[in-house]
Amino acid sequence: MLDSHFFSYADGTLCCEGLRLDGVAEQFGTPLYVISRQSLVSQFKAFEAAFAALPHFTCYSVKANFNLSVIRALAAEGCGCDVNSGGELYRALKAGVSPDRIIMAGVGKSEQEIEYALNSGVLLLKAESVSELRAIDRVAGRLGKVASVAIRINPNVTAETHPYITTGDSKEKFGIDEAELGEVFGLFRSLPSLALQGLDMHIGSQIFDPEYYVAATQKLLDVLDSARSLGFDIKWFDIGGGFPVTYDPQKPATPIERFAEKLVPMLEGQGVTIIFEPGRFIAANSTVLLTRILYKKRNHVGKEFFIVDAGMTELIRPALYQSHHEVLSVTRREESVVADVVGPVCESSDFFARQRMIDNASEGELLAVLSSGAYAAVMGSNYNGRLRPAEVMVDGGEAKLVRQRESYEQLVQNEI
Ligand code: LLP
């Protein structure tokens, strides 16, 4: 079982912050995301404590879980936001985050998105190409503004993680190549509506070894030297997100303190404010996906299937990255069984667990798919005509609805 203060068994029933999850499912139905507010806040605080020695600004990467209530819970603790699109910017502003606490990433921002960001007054736009810098200059010039810009460098460090979530490698689309830096610095001199205020990188996600950060940070520090020697006044030094969490108790994540031990000595006294963009670290283990067992069946080769009412449309990570998520029975059982836990979607990749030893729960009972707080609801879809589930947030022993379950009418509301 994952070690979490926020989801644990009491008298044989899985609870969130002490609240019984069978009762929550009864009240709100399934499938259902149940978010622990205290878990979000405590992860944010743990992150802040680890890097307390540095002058820094933590911007939660909203893409991990962009529910307005999640953003609000973190903003209330002083956390900023990293957004990746106009839609995420809209969400952060709607949640009440001040624009000067929002930074905007994105390898392909449209001119409309750039205009929206500049008109909103975001703290930084993180640019990823020479062409994008020209576009930002054009839009800012048209609006009579000077854009505050960070350049995202591709440090060409290949962090060991799933290949779909490594981003700091020259094979990938992200960031500006070091060979282009001369041209980029030149642009900041020649284009009137750009101000270079920050350097940025993001090398990937769920990275276990701090040495990848060390290597990439060293490259970014070299760029800082070059920028300063050319007279640029760099205020922000953004080393991105990617800090790991434990999904599988057999593979515990490197504690955040190990990253801080390596990075703090490199970054202190550099005369810049460090920006961090954790997403998964804050959100992943804050949430379980509650699902009911519809049917059980066993085939002639003795394979046992638990067919549940949630599927890859609610959590695509096992299908997309072969990722492990713990599956627990909400009512604890003495007996366990080896089974596949699968959803109702017409794809063989629609599973949460394969050949996994799990509690032998019965049809009609509830399972909880753990670590469903990051890249779960936000990557959900209506494939197979599925309705997006409701989301509730538990705080201080009470569950509140923070997203309504979708209806059939909503499924077709934009169609003519
Ligand atoms: N900053 C930037 C620029 C990013 O692209 C990302 C994630 C983050 C920060 C936050 O990374 P985190 O701290 O959450 O690792 N869907 C995949 C993960 C994709 C991550 C995309 N970028 C998954 O489910 O594993």
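Both ligands and their constituent atoms are indexed starting at 1 by order of listing.
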With a 4.0 Å cut-off on heavy atoms, does [X] reach ligand 1?
X: M379; result: yes
X: Y321; result: yes
X: G242; result: yes
X: A64; result: no

Would you call [X] and [Y] a salt bridge, taking side-chain N to carboxylate O under 4.0 Å as the test?
X: R258; Y: E211; result: no
X: R332; Y: D359; result: no
X: E406; Y: R386; result: no

If a pair satisfies side chain to side chain donor-acceptor pair (under 3.5 Å) and one of its residues is in residues 92-109, list it, with sequence neighbours excluded.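 Pairs touching residues 92-109 that pass the test: S98-D100, K109-E132.
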What protein heavy atom lies closest to [atom]? Include the residue and the distance to one decimal.
atom: atom 19 (C) of ligand 1; result: I165 CG2, 3.7 Å
atom: atom 21 (C) of ligand 1; result: K63 CD, 3.8 Å
atom: atom 24 (O) of ligand 1; result: R317 NE, 2.6 Å
atom: atom 20 (C) of ligand 1; result: Y375 OH, 3.7 Å
atom: atom 1 (N) of ligand 1; result: E277 OE1, 2.6 Å

In terms of relative ring orientation, are F57 and W236 parallel, tilted or perpendicular, with 30° and 60° separating the classes?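 Ring orientation, 0 to 90° scale: tilted.
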Examine the proximity of ligand 1 to H202 and report which part, side chain or backbone, both or neither, has a heavy atom under 4.0 Å away.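 It is the side chain that gets close, since no backbone atom is under 4.0 Å.
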With backbone taken as N, CA, C and O and side chain as the heavy atoms from C-beta onward, which portion of D82 lies under 4.0 Å from ligand 1: side chain, backbone, both, or neither?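 D82 to ligand 1: side-chain contact only, backbone stays beyond 4.0 Å.
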Would the H56 and F276 ring centres measure less than 6.0 Å apart?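 So the answer is yes for these two rings.
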Would the F51 and F259 ring centres measure less than 6.0 Å apart?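 Between F51 and F259, the centre distance exceeds or equals 6.0 Å.
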With atoms numbered from 1 as shown, which atoms in ligand 1 lie under 4.0 angstrom from a non-hydrogen atom of [X]?
X: S205; value: 11 (O), 12 (P), 14 (O), 15 (O), 20 (C)
X: G279; value: 12 (P), 13 (O), 14 (O)
X: P278; value: 13 (O)
X: R152; value: 3 (C)
X: G241; value: 9 (C), 13 (O)

Under the ring pair (Phe, Tyr, Trp, His ring centres under 6.0 Å) test, residues paired with F281 that sit two or more places apart: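 So F281 forms a ring pair (Phe, Tyr, Trp, His ring centres under 6.0 Å) with F47.
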R388 to Y33 six-membered ring, cation-pi geometry met (6.0 Å, 45°):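 Relative to the ring axis of Y33, which defines the angle, R388 lies outside at least one limit.
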Test applied, side-chain contact (heavy atoms from CB on, under 4.5 Å); reference residue, N84; option that passes from M104, K126, K63: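 In the set M104, K126, K63, the residue that makes a side-chain contact (heavy atoms from CB on, under 4.5 Å) with N84 is K63.
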